[in-house]
Amino acid sequence: MEDAFRPSTDLDDPPNSRLFLVTSKSITEEIIREQFATFGEIQDVWVVKDKQTKESKGVSFVKFAKSSEACAAMEEMHGKCLVEGTKPIKVFIAQARSSGSHRDVEDEELTRIFVMIPKTFTEDDLKDTFKTYGDIEYCIVVKNKSTGESKGLGYVRYHKPSHAATAIENCDKTYRAILAEPRNKTPAPDNEYFSAPRTDHVMGDQGMNPYPQFADSGNYTRGDLRGTDIITRCLMVSTRASITQEQVYSLFDLVPGLDYCEMQQDSYGFSTGNAMIRYNNLGSAVYAKNKLDGFEYPPGNRLVVAHIDDGEDRRSPLGRMAMQLVAAQMMSIVCNPGAAQLRKTSTGYPSPAVPQMPRVQTDVALPPLQKLAPSDSRVKERLFVVFKPVPLPMDVLEDVFCRFGSLIEVFLVPGRNVGYMKYAERKSADDAMASLHGQTINGIKMKVMLADPPKEESHKRQRTY
DNA sequence: CGACGGGACGC
DNA sequence: CGACGGGACGC
């Protein structure tokens with residue numbers, strides 16, 4: 001039946017999560033389990049044995065849940081003696097079963113990642129972004145040879161496979177980090193680059209504005225925003241400083257009734273400096289706007305807060321009543337800072353210790369989360385989704401649309417209020433459509449329809465979508 | 001040198 | 001009404 005979609009556990013999924021061990025024949029599965037357990041979630045240990053004699057062939061496979069776990073185990077355990085008196089073991093990342101190759105996988109192939117980055121990114125930006133996952137040997141931004149402008153692509157070489165794997169696993173998905181294909185096989189591992197003296201420690205955080213698109217956008221003033229007189233539960237927060245969604249959340253959660261906060265991201269996944277806030281009542285929104293518009297957070301950075309049209313509530317008299325009620329609650333908090341459980345965050349700004357807010361709020365009865373289908377799955381069906389008034393964030397969409405199974409990817413059309421959901425199984429798409437069409441998620445209304453086939457430009461091969 | 005088993009979906 | 005993203009390194 002063609003390539004039936006397998007949620008199977010066997011494959012080398014994720015890639016490079018399986019180890020190939022060469023050990024003394026006396027080493028058992030139990031010994032291996034015991035010694036490798038500290039590196040992560042072991043999914044399988046298999047000691048290869050002779051079919052007749054049942055004796056170990058001195059070869060084993062250890063499957064971890066994550067590549068970073070397998071890599072860390074390899075780095076730590078290679079050359080160790082698992083049992084006193086036995087020969088030191090060899091540990092490699094196993095070749096994918098499908099590859100058929102038995103060549104050793106070299107660190108060279110496991111330490112360099114390839115990423116998509118904003119065209120404004122310098123190599124230092126790249127380094128600053130990815131050094132949190134491990135020691136970087138070097139960074140390269142791919143540039144146009146003649147003009148020198150960035151192509152929005154970069155390479156990061158780490159010293160250790162586990163660092164590259166951790167970066168791929170944990171960096172923002174919009175970087176689309178993958179292992180870089182090894183460059184033309186030049187078997188000259190001449191890595192004697194100790195050239196430039198370290199200039200690593202960056203002085204302050206002020207030196208670099210990660211959002212250059214805001215460098216010259218400071219001349220809109222608060223008076224001339226159209227619609228400042230509308231009253232809604234939704235607010236738009238604009239900031240020129242790089243503050244996180246968590247910080248915005250903590251700040252606006254000082255006003256009771258916050259039920260949604262999301263920093264908007266551009267198509268690269270970088271903060272746009274705008275966050276959408278929604279309260280469960282008009283009064284809280286009005287109060288938060290009045291208190292926080294123009295508030296300096298962090299000191300020196302004036303936030304701009306304005307109501308935005310959420311398509312429902314408008315200048316309701318109820319809003320003013322609710323506002324007064326909430327104002328009374330606020331007074332007690334403002335006058336008793338101790339009651340607000342202020343603490344220092346990692347950034348040093350005071351913020352309340354608040355429980356995590358559920359990311360998705362809706363009346364729809366959602367099935368449990370399901371794993372995404374592998375990104376190289378065949379697309380069997382696509383949904384076309386229209387949002388009103390603005391698109392939901394990618395992570396929310398993934399959270400919601402994955403619950404019907406086999407979701408491969410969410411794609412939002414840049415600059416429009418529409419997007420596509422790709423599924424590996426038709427039934428998943430159908431189920432999602434049946435459950436979600438016409439529904440409201442986080443205050444955003446959605447139409448969910450089958451997508452028309454993409455405009456066909458030629459009679460050639462089918463696009464990969 | 002040192003490379004690929006076992007088990008059996010679920011309405 | 002509201003429609004279609006995307007990737008490779010001067011050695």
Side-chain angles (χ1 to χ4, degrees), chain A residues 4-12 18-25 29 44-51 54 56-63 87 89-105 112-117 138-146 148 150-157 174-184 186 188 190-191 193 266-269 375 379 382-391 394 409-422 445-457 463-465:
Chain A
F5 175 62
R6 285 193 175 200
S8 56
T9 75
D10 52 353
L11 274 328
D12 290 75
R18 198 173 56 124
L19 293 180
F20 169 59
L21 311 196
V22 182
T23 74
S24 157
K25 296 187 198 309
E29 173 180 334
D44 190 31
V45 174
W46 169 33
V47 176
V48 180
K49 295 172 182 160
D50 183 284
K51 284 230 169 53
K54 299 293 178 64
S56 164
K57 292 162 89 168
V59 162
S60 306
F61 295 91
V62 181
K63 173 72 174 72
K87 71 175 181 184
I89 65 172
K90 298 182 199 173
V91 186
F92 305 93
I93 292 293
Q95 284 283 2
R97 296 191 82 159
S98 55
S99 84
S101 168
H102 287 176
R103 199 195 81 246
D104 289 354
V105 176
R112 197 177 60 141
I113 67 172
F114 181 51
V115 294
M116 300 182 78
I117 53 180
Y138 64 80
C139 291
I140 289 176
V141 171
V142 181
K143 299 178 183 130
N144 181 305
K145 266 182 292 202
S146 43
S150 166
K151 291 186 180 173
L153 301 170
Y155 293 94
V156 179
R157 172 80 74 180
T174 54
Y175 288 112
R176 302 205 171 238
I178 57 174
L179 274 184
E181 220 43 64
R183 236 178 120 179
N184 270 337
T186 312
D190 241 28
N191 280 338
Y193 282 121
D266 63 20
S267 53
Y268 285 110
S375 56
V379 176
R382 293 190 312 158
L383 297 179
F384 176 60
V385 183
V386 182
F387 306 95
K388 218 165 74 173
V390 295
M394 293 276 296
E409 193 195 14
V410 174
F411 168 54
L412 287 177
V413 180
R416 319 239 64 132
N417 293 335
V418 302
Y420 296 90
M421 310 293 149
K422 300 184 209 172
K445 293 192 183 98
M446 297 185 300
K447 293 183 193 172
V448 183
M449 295 153 284
L450 291 182
D452 295 335
K455 66 169 182 184
E456 76 179 80
E457 190 147 312
R463 283 184 44 129
T464 60
Y465 289 88

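In what follows, every heavy atom counts, from backbone to side chain, and hydrogens, waters and symmetry copies are set aside. None of the values given here were measured: they were computed from a predicted structure. The chains referred to below are lettered A, B, ... by the order of the sequence lines, with proteins before strands, and numbering in each begins at 1.
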Asks: Measure from the ring centre of A:Trp46 to the centre of the six-membered ring in the base of B:dC4, then say whether that distance is under 5.5 Å and the planes meet at under 30°.
Replies: no
Asks: Between B:dA3, B:dG5, C:dG2, which nucleotide has the shortest distance from any of its atoms to the side chain of A:Gln95?
Replies: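 Closest nucleotide among those given: B:dA3.
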Asks: Given C:dC9, C:dA3, C:dG2, identify the nucleotide with an atom nearest to the side chain of A:Arg183.
Replies: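 So the nucleotide nearest the side chain must be C:dC9.
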Asks: If you check the A:Arg97 side chain, which of C:dC4, B:dG6, C:dA8 turns out closest?
Replies: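 Selected nucleotide (nearest to the side chain): B:dG6.
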Asks: Measure distances between side-chain N and O atoms of A:Arg112 and base N and O atoms of C:dC9, and say whether any donor-acceptor pair falls under 3.5 Å.
Replies: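 Side chain to base: pair present.
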Asks: Closest approach to the side chain of A:Lys90, judged atom by atom: which nucleotide of C:dC9, B:dA3, B:dG2 is it?
Replies: B:dG2
Asks: Among the nucleotides C:dG2, C:dC9, B:dA3, which one has an atom lying closest to any side-chain atom of A:His102?
Replies: B:dA3
Asks: Any donor-acceptor pair under 3.5 Å joining the side chain of A:Arg18 to the base of B:dC4?
Replies: yes
Asks: If you assign A:Lys57 and A:Val47 each to the DNA chain B nucleotide with the nearest heavy atom, which residue ends up on the more 5' nucleotide?
Replies: A:Lys57
Asks: Among C:dG2, C:dC4, C:dC9, find the nucleotide with the atom closest to the side chain of A:Val142.
Replies: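 That would be C:dC9.
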Asks: Output yes if the stacking criterion (under 5.5 Å between centres, under 30° between planes) is met for A:Phe20 over the base of B:dG2, else no.
Replies: no
Asks: Counting only side-chain heavy atoms from C-beta out, which of C:dC1, B:dG5, C:dG7 sits nearest to A:Lys447?
Replies: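 The closest nucleotide is C:dC1.
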Asks: State, to 0.1 Å, how close A:Met421 and A:Val410 come at their nearest heavy-atom pair, and which atoms those are.
Replies: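 Smallest heavy-atom distance, with atoms named: SD-CG2, 3.7 Å.
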Asks: Just jot down the side chain to side chain contact (heavy atoms under 4.5 Å, CB included) partners of A:Val418, sequence neighbours excluded, or say none.
Replies: A:Phe384, A:Val386, A:Val413, A:Arg416
Asks: Name the closest nucleotide to the A:Phe411 side chain, picking from B:dG5, C:dC4, B:dA3.
Replies: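 Side chain of A:Phe411 sits closest to C:dC4.
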Asks: Which of these nucleotides, C:dA3, B:dG5, C:dA8, is closest to any side-chain atom of A:Lys51?
Replies: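 So the nucleotide nearest the side chain must be B:dG5.
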Asks: How close do A:Asn417 and A:Pro389 get, heavy atom to heavy atom, and via which atoms?
Replies: ND2-O, 3.1 Å
Asks: Go through B:dA3, C:dC9, C:dC4 for me and flag the one nearest to the A:Ala94 side chain.
Replies: B:dA3
Asks: Does a distance-only test, which skips hydrogens and angles, find a donor-acceptor pair under 3.5 Å between the side chain of A:Arg416 and the base of C:dC4?
Replies: no
Asks: Can you list the residues that meet the side chain to side chain contact (heavy atoms under 4.5 Å, CB included) rule with A:Ser99, with sequence neighbours excluded?
Replies: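 For A:Ser99 the side chain to side chain contact (heavy atoms under 4.5 Å, CB included) partners, ignoring immediate neighbours, are A:Gln95, A:Ala96, A:Ser101.
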